[in-house]
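One structure below.
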Amino acid sequence: MLGFEMFPVSLICFNSRIKFTMGTSPGSSSMPTQVGIAAVAVAFVAVLAMMLGAAAATMVAAVVVVVLGTWWWGGSTEVEPQYSGAKIEGDVVTLDFVKKMMDDFKNQKCLHKRYAFQIVLQMREMLRSQPSLVDINVPDGSHFTVCGDVHGQFYDLINIFELNGLPSEENPYLFNGDFVDRGSFSVEVILTLFALKCMCPSAIYLARGNHESRSMNKIYGFEGEVRSKLSEKFVELFAEVFCCLPLAHVINQKVFVVHGGLFSVDGVKLSDIKAVDRFCEPPEEGLMCELLWSDPQPFPGRGPSKRGVGLSFGADVTRKFLQDNNLDLIVRSHEVKDEGYEIEHDGKLITIFSAPNYCDQMGNKGAYIRFEAPDLKPNIVTFSAVPHPDVKPMAYANNFLRMFQ
């Protein structure tokens, strides 16, 4: 994101007297027949737990949650006979579905809301079970790709896959936050990344950026785009799922990957990051805030952030954190760079930014890093922007901000 950007679910409680009426929305105080079905589902899982044990019941419960959730949120969204777009057959997101969906998006066609619900709900269940700091193992002889901010630039995301291959178990990726906002194809970006994760969880890892938050989405376009392309329900659902995204990753116990940067105090250990309760909107201070918002600076020590939140940190801070945690390198994103990347802090910190010609006006290149195990030497690949349909950046953003575009 640009330097001038500043920092600016829901639990449904049911009354003990449930009135069963047809056609009531999920948020209504007079609950529909769905509540009765939900109660039956809970009882069914409880019986399974007694009969088959907790482990088997947990697996069944996960499937029930996704299926029931899809019906609950999108139950009134029937797939019309004339719909010719990508379809999920059953409960499994397949490669054929993802390819069809991406092709439809390239041609500015929409995914049916029912399948969008299914993808986002499945992601919510998957991400809830992950720790705040995720360890990634890359076997010797294998490679791993790290991408930075994409910011709703769907056609540049597709170009990355054309250059480097689609995510798979043999070609895994980490996208390091800021998937949405500013670019006006953020819905297409997030549904593509989520669908790929549903298809093969080990093929793609997703980290939270400072733009995966309500306050930023309200200002910089994602919330308005979701309302336009999907519905109000999805605004709440995406906000909830974004709170489930992990905050950082470590590759082979040597490379620390985070969206923003480091901390206002020394001595932070990886175990401290794992212990962060991330299931909330980003706070204005503390470890979670600094992971999402901080930036490196060219001089030693720490200083105030140009953004008004987080901080700036020098090479000595980077060196101390790496030493304390037996790490070799920090990879972060969060800042546009002319060449798509910048190597700083005596080669111990790399900024990677994957949105070329950011906002159709910066003229920068995009970049990604390809690591080869076991040495994990970073190979940086740069690329230029590709054409996209004539929809301007920030097309769905706050009207006040659009005055300055």
Side-chain angles (χ1 to χ4, degrees), residues 1 98-99 102 106 136-179 182-183 185 188-189 192-193 196-197 200 202-207 209 248-252 254-261 296 328-360 362-388:
M1 59 177 261
V98 174
K99 286 181 175 179
M102 290 167 60
K106 282 192 285 186
I136 299 171
N137 178 55
V138 183
D140 290 356
S142 299
H143 62 268
F144 190 88
T145 301
V146 178
C147 296
D149 303 35
V150 177
H151 273 302
Q153 297 186 197
F154 174 74
Y155 294 84
D156 294 307
L157 172 65
I158 296 302
N159 187 42
I160 292 173
F161 294 151
E162 291 175 351
L163 294 170
N164 195 57
L166 280 172
S168 67
E169 287 187 343
E170 296 75 30
N171 189 38
Y173 283 77
L174 165 58
F175 282 85
N176 196 29
D178 280 13
F179 319 121
R182 293 196 174 272
F185 303 94
E188 289 83 353
V189 166
T192 297
L193 296 176
L196 286 164
K197 182 74 172 174
C200 183
S202 61
I204 185 168
Y205 297 83
L206 304 173
H249 294 75
V250 175
I251 304 171
N252 286 10
K254 292 300 178 184
V255 180
F256 179 71
V257 188
V258 67
H259 180 73
D328 294 338
L329 178 69
I330 295 173
V331 174
R332 46 90 61 179
S333 304
H334 196 37
E335 290 182 288
V336 61
K337 299 295 180 181
D338 288 344
E339 294 301 312
Y341 74 96
E342 186 173 356
I343 302 173
E344 304 173 78
H345 293 182
D346 304 317
K348 294 297 184 181
L349 183 145
I350 302 176
T351 296
I352 197 77
F353 193 84
S354 302
N357 194 26
Y358 184 41
C359 293
D360 286 356
M362 298 300 292
N364 60 291
K365 292 181 180 178
Y368 55 84
I369 306 176
R370 190 175 166 107
F371 291 98
E372 304 282 344
D375 62 353
L376 296 184
K377 180 181 178 181
N379 176 31
I380 300 174
V381 178
T382 64
F383 56 95
S384 299
V386 298
H388 64 76

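All values below come from the heavy atoms of this structure, side chains included, with hydrogens, waters and symmetry mates left out. Keep in mind the model is a prediction, meaning the values are calculated, not measured. Numbering starts at 1 and runs along the sequence shown.
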Close side-chain approach of [X] to [Y], heavy-atom, < 4.5 Å:
X: Leu329; Y: Phe371; value: yes
X: Val146; Y: Ile251; value: yes
X: Asp178; Y: Val150; value: no

Quick one: [atom1] on [X] to [atom2] on [Y], what's the gap to the nearest 0.5 Å?
X: Ile343; Y: Leu349; atom1: CD1; atom2: CG; value: 10.0 Å
X: Leu174; Y: Ile204; atom1: CG; atom2: CD1; value: 8.5 Å
X: His143; Y: Glu372; atom1: NE2; atom2: CD; value: 6.5 Å
X: Asp140; Y: Asp375; atom1: CG; atom2: CG; value: 9.5 Å
X: Lys99; Y: Phe161; atom1: NZ; atom2: CZ; value: 12.5 Å
X: Phe175; Y: Leu206; atom1: CZ; atom2: CG; value: 8.0 Å

So, does Asp149 use its side chain to make a donor-acceptor pair with the main chain of His334 at under 3.5 Å?
yes
Next item on the list: Could you tell me how the ring of Phe144 sits relative to the ring of Tyr205: parallel (under 30°), tilted (30 to 60°) or perpendicular (over 60°)?
Entry: tilted
- [ ] Kindly check if the number of other-residue, nucleotide or ligand heavy atoms within 6.0 Å of NZ (Lys254) is above 12?
- [x] yes
Worksheet item: Do other residues, nucleotides or ligands put more than 12 heavy atoms under 6.0 Å from Asp338 CG?
Response: no
Provide the closest heavy-atom pair for [X] versus [Y] in the form atom of the first, atom of the second, distance.
X: Ala367; Y: Gly340; result: CB-O, 3.3 Å
X: Asn364; Y: Ala355; result: ND2-O, 3.0 Å
X: Glu335; Y: Pro296; result: OE1-CD, 3.7 Å
X: Ser354; Y: Gly148; result: OG-N, 2.8 Å

Hey, can you pull the donor-acceptor pairs under 3.5 Å for the side chains in residues 376-383, sequence neighbours left out?
none

Holding to side chain to side chain contact (heavy atoms under 4.5 Å, CB included), I want the full list of residues that pass it with [X], two or more places apart in sequence or in another chain.
X: Asn164; result: Thr145, Asn171, Tyr173, Tyr368, Arg370
X: Ser142; result: Val138, Pro139
X: Glu169; result: Cys200, Ser202

Residues 152-163 vs side chain to side chain donor-acceptor pair (under 3.5 Å), sequence neighbours excluded, gives Gln153-Asp156
Is the distance from the ring center of His388 to that of Phe154 below 6.0 Å? no
Apply side chain to side chain donor-acceptor pair (under 3.5 Å) to [X] and list each qualifying residue two or more places apart in sequence or on a separate chain.
X: Ser333; result: Asn176
X: Lys337; result: Glu342
X: His345; result: Thr318

